[in-house]
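The next block holds one structure in the form of structure tokens; read it before the comments.
Small disclaimer: the values here were computed from a predicted structure and weren't measured. Count residues from 1 along the sequence.
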Amino acid sequence: MEWENQTILVEFFLKGLSGYPRLELLFFVLILIMYVVILLGNGTLILISILDSHLHTPMYFFLGNLSFLDICYTTTSIPSTLVSFLSEKKTISFSGCAVQMFLGLAMGTTECVLLGMMAFDRYVAICNPLRYPVIMSKDSFVPMAAGSWIIGVINSAVQTVFVVQLPFCRNNVINHFSCEILAVMKLACADISGNEFIMLVATTLFILTPLLLIIISYTLIIVSILKIRSSEGRSKVFSTCSAHLTVVIIFYGTILFMYMKPKSKETLHSDDLDATDKLISMFYGVITPMMNPLIYSLRNKDVKEAVKHLLRRNVFNK
């Protein structure tokens with residue numbers, strides 16, 4: 001570990017799976033495959049949402065943003081994690097760690113808010129179909145998406161600034177694959193109650209508030225669906241939001257369990273608990289972005305038709 005004036009920490013050691021070279025090789029292969037699927041799947045969704053005129057709607061504009069978000073989020077951590085699996089040097093500079101924290105938290109916050117916006121879009125489409133073109137006009141859904149990104153950047157900037165100002169002592173080992181903000185905060189040799197309060201406020205505003213919007217939207221959607229007499233009609237309407245609902249359940253189920261599960265004083269520093277946290281974080285950071293385009297492709301006829309059209313056009317062009 002390097003020091004300046006014996007007080008300034010200049011690098012962190014990312015523990016990850018150190019000591020388990022065979023597991024590192026296995027995870028390298030698995031995560032590399034998943035990352036390629038993330039890039040191809042989400043890249044395809046972005047491409048068809050731009051090229052297919054039938055998908056120039058608020059729903060697919062939000063979906064294109066979600067896909068771009070997933071690519072950005074995974075790119076902030078996966079490449080460096082893959083390099084660390086193959087490299088003996090598993091350190092990251094203090095500034096590099098700060099950038100990774102900022103980008104990861106910004107993308108995560110933006111996704112929470114964006115999923116809330118998408119739920120509102122589905123509510124308007126199903127419960128107020130006649131007013132949908134007016135309520136969800138371009139003047140509405142573009143600022144909604146842009147606002148999601150701005151909120152993510154502001155929240156991340158505030159939290160990252162407060163974390164990097166903390167004093168760090170001689171322990172520079174982050175028991176994680178990347179610079180996850182909670183793992184870094186644990187290394188501070190100072191009272192972090194202020195940071196924890198800021199994180200609690202941010203969690204309430206940018207994770208729980210969008211979740212509340214999603215719950216209210218889908219409660220009203222379900223009530224509206226139950227009023228439809230024919231089972232075929234109910235199934236058709238529900239299919240328009242089932243993909244988004246599946247993504248929400250996976251995303252929020254993972255993130256709420258990861259950040260809000262109770263931790264007793266006896267188990268707070270347990271190695272088993274840390275290992276569980278790292279595996280959950282990997283699921284949240286890799287598998288969820290990989291599944292999003294698969295869920296939307298398998299459960300959405302418009303997306304499947306757009307992909308087929310794109311493939312046919314490429315074949316005929318050749």
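Taking all atoms of both residues into account, the shortest heavy-atom contact from Ile198 to Gln159 is CG2-CG, 4.1 Å. Here the closest heavy-atom approach between residue Tyr35 and residue Pro79 is recorded as OH-CG, 3.9 Å. What you find for Ile174 and Cys97 is that their closest heavy atoms are CD1-SG, 4.0 Å. Of all heavy-atom pairs between Ala243 and Ile295, the closest is O-CG2, 3.7 Å. Between Ala190 and Pro167, the closest heavy-atom pair is CB-CG, 3.5 Å. In terms of heavy atoms, His56 sits closest to Ser49 at CD2-O, 3.2 Å.
In this structure the side chain of Met290 never reaches within 4.5 angstrom of the side chain of Val286, judged on heavy atoms. In this structure, the side chains of Val247 and Tyr296 come closer than 4.5 Å at one or more pairs of heavy atoms. The side-chain heavy atoms of Ser148 and Asn65, taken from C-beta on, include no pair separated by under 4.5 Å. Thr240 places a side-chain heavy atom less than 4.5 Å from the side chain of Arg122. Proximity of Phe94 to Val164: side-chain heavy atoms (C-beta onward) are separated by under 4.5 Å at one or more points. Side chains of Asn292 and Phe251 form no contact here, defined as non-hydrogen atoms less than 4.5 Å apart. For the pair Tyr132/Asp121, a side-chain contact is recorded, criterion being any heavy-atom separation below 4.5 Å from C-beta on. The shortest side-chain heavy-atom distance between Val142 and Phe61 falls under the 4.5 Å cut-off.
A single hydrophobic cluster is seen to contain both Ile249 and Leu114, as judged by linkage of ILVMFWY side chains at heavy-atom distances under 4.5 Å, directly or through other members. Hydrophobic clustering places Ile215 together with Leu205 (ILVMFWY residues linked when any side-chain heavy atoms are closer than 4.5 Å, directly or through intermediates). In the hydrophobic cluster analysis, where Ile, Leu, Val, Met, Phe, Trp and Tyr join through side-chain heavy atoms closer than 4.5 angstrom, Val201 is grouped apart from Val153. Both Leu166 and Ile181 are part of a single hydrophobic cluster, where members link through side-chain heavy atoms under 4.5 Å apart. Leu103 and Tyr73 fall into different hydrophobic clusters, where Ile, Leu, Val, Met, Phe, Trp and Tyr residues are linked whenever their side-chain heavy atoms come under 4.5 Å apart, directly or through other members.
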Before giving the answer on side-chain contact (heavy atoms from CB on, under 4.5 Å), spell out for Ile287 and Met34 the whole-Å C-alpha distance, their side-chain angles and the decisive distance to 0.1 Å. CA-CA 7 Å; Ile287 298 181; Met34 291 177 182; 4.2 Å; yes
Report the C-alpha separation of Asp191 and Ser193 in whole Å, then their side-chain angles, then the decisive distance to 0.1 Å, and conclude whether the side-chain hydrogen bond (donor to acceptor under 3.5 Å, both in side chains) test is met. CA-CA 6 Å; Asp191 181 17; Ser193 57; 2.9 Å; yes
Would Phe62 and Met136 count as a side-chain contact (heavy atoms from CB on, under 4.5 Å) if you check the C-alpha gap in whole Å, the side-chain angles of each, and the deciding distance to 0.1 Å? CA-CA 12 Å; Phe62 287 131; Met136 296 303 296; 3.8 Å; yes
Could you walk me through whether Leu213 and Tyr123 satisfy the side-chain contact (heavy atoms from CB on, under 4.5 Å) test, starting with their C-alpha distance in whole Å, then the side-chain angles of each, then the deciding distance to 0.1 Å, before giving a yes or no? CA-CA 10 Å; Leu213 176 61; Tyr123 157 73; over 6 Å; no
side-chain contact (heavy atoms from CB on, under 4.5 Å), that's the test. Do Met118 and Ile214 meet it? Break it down for me. CA-CA 8 Å; Met118 294 174 73; Ile214 291 169; over 6 Å; no
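Between the side chain of Ser224 and the main chain of Leu220, no donor-acceptor pair closer than 3.5 Å is present. For the pair Ser67 (side chain) and Gly43 (backbone), a donor-acceptor distance under 3.5 Å is absent. For Tyr252 (side chain) and Ile207 (main-chain N/O), a donor-acceptor pair under 3.5 Å exists by modelled atom type. Using a distance-only test at 3.5 Å, with no hydrogens or angles considered, no donor-acceptor pair links the side chain of Ser156 to the main chain of Leu105. Side chain of Arg234 to backbone of Ile228: a donor-acceptor contact under 3.5 angstrom is found. Under the 3.5 Å distance criterion, the side-chain polar atoms of Gln100 are matched with a main-chain donor or acceptor of Cys179.
Screening Ile38, Ile31, Leu69 for a side chain to side chain contact (heavy atoms under 4.5 Å, CB included) with Thr74, the sole residue that qualifies is Ile38.
If you take OG on Ser178 and CZ on Phe12, they are separated by 12.5 Å, rounding to the nearest 0.5 Å. Expressed to the nearest 0.5 Å, how far OG1 of Thr203 lies from CE of Met199 amounts to 6.5 Å. The CG atom of Asn42 sits 12.5 Å away from atom CG of Leu47, with the distance rounded to the nearest 0.5 Å. The distance from atom CG of Leu86 to atom OG1 of Thr81, rounded to the nearest 0.5 Å, is 11.5 Å. Here Leu187 contributes atom CG and Leu182 contributes atom CG; the two are 11.5 Å apart, rounded to the nearest 0.5 Å. From Phe206, atom CZ reaches atom OG1 of Thr109 across 7.0 Å, with rounding to the nearest 0.5 Å.
Atom CZ of Phe68 is surrounded by 12 or fewer heavy atoms from other residues, nucleotides or ligands within 6.0 Å.
With sequence neighbours excluded, the residues forming a side-chain contact (heavy atoms from CB on, under 4.5 Å) with Thr44 are Ile48, Val307, listed by chain and number. Residues passing the disulfide bond (SG atoms under 2.5 Å apart) test with Cys241, sequence neighbours excluded: none.
Ring-plane geometry between His244 and Tyr218 is classed as parallel, the angle between the planes falling under 30 degrees on a 0 to 90 degree scale with a further cut at 60.
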